[in-house]
Amino acid sequence: MPFSPIPRGVYPSVTEIQPKQLARRGIKLVLADLDNTLVPYKVPEPTPEIVAWKQELEAEGIQLFLLSNSRKPGRAQHFAQTLGIPFQGHSGKPKRSGYLRAMERMGCTPEQTVMVGDQIFTDTLGANRSGVVPLLVRPIRLAGNPGRYIRYAVETPFRLLGERRPFL
Ligand SMILES: [Mg+2]
C-alpha cells in the first residue's frame, strides 16, 4: 500500500508497544520519531521510561534508531547520544530515502522494521511508502501550538481506520 496514510494500530504511548510482541513478529529495528513520540517538544533528555523501553528492546535483539527530519545537529542528536542509539538527521519524512538509508545502515529489511511516530503525514505515510510497518502513537502533548490541534483533527479519520488494523 505505497501511498497509504493508514497506520497499523494506534498506541497510547511508545512504552505500550511491547518489545516481546515485536520480536515475535520478526522485528529487528524500530525507527522512532522524537518530538511528541519519545518525549514532548523541547525536552532534551530521555525519560527513565524511555531508557527502560530501549533496554527492553535491546534485550529482545531489537535496535532503536532515531529517525529525525531535523536539518541541524543539536537536540535530536544529543538525545540519541544520551540514550545510546544511532541517529539520522535530514531524513526527509515522508520521503522514502531516509527510511531506506537507515535500514541499509542497520542491515535490516523493511519486513524487519517498524516506524513509531505521532504524525500521519510524515511518520506513517513515509513508512508505508518504504514498506515499513507504521505504528502510530498518540502525541504526548498537543498544547502550546494551535497548528498541532488542526493537524490532529485532519489526521483523525486515518487514526480511526488504523485502530481497526493493529499490527500487534
Ligand atoms: Mg513527532
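Whatever order the structure lists ligands and atoms in, that order sets their numbers, starting from 1. Note that these values count all heavy atoms, side chains included, but never hydrogens, waters or copies made by symmetry.
- The shortest side-chain heavy-atom distance between Leu22 and Glu60 does not fall under the 4.5 Å cut-off.
- When side chains are defined from C-beta on, Ile120 does not count as touching Leu125, because their heavy atoms never get closer than 4.5 Å.
- The environment of Arg159 atom CZ is dense: over 12 non-hydrogen atoms of other residues, nucleotides or ligands sit within 6.0 angstrom.
- In this structure, Arg148 is positioned above the aromatic face of Tyr41, its NZ or CZ under 6.0 Å from the six-membered ring centre and within 45° of the axis.
- Looking only at its N/O/S atoms, Asp33 has OD2 as the one nearest to the Mg ion (ligand 1).
- With 2.8 Å as the limit, Asp123 does not count as an N, O or S neighbour of the Mg ion (ligand 1).
- Rounded to 10°, the angle that O of Asp35 and OD1 of Asp118 form at the Mg ion (ligand 1) is 90°.
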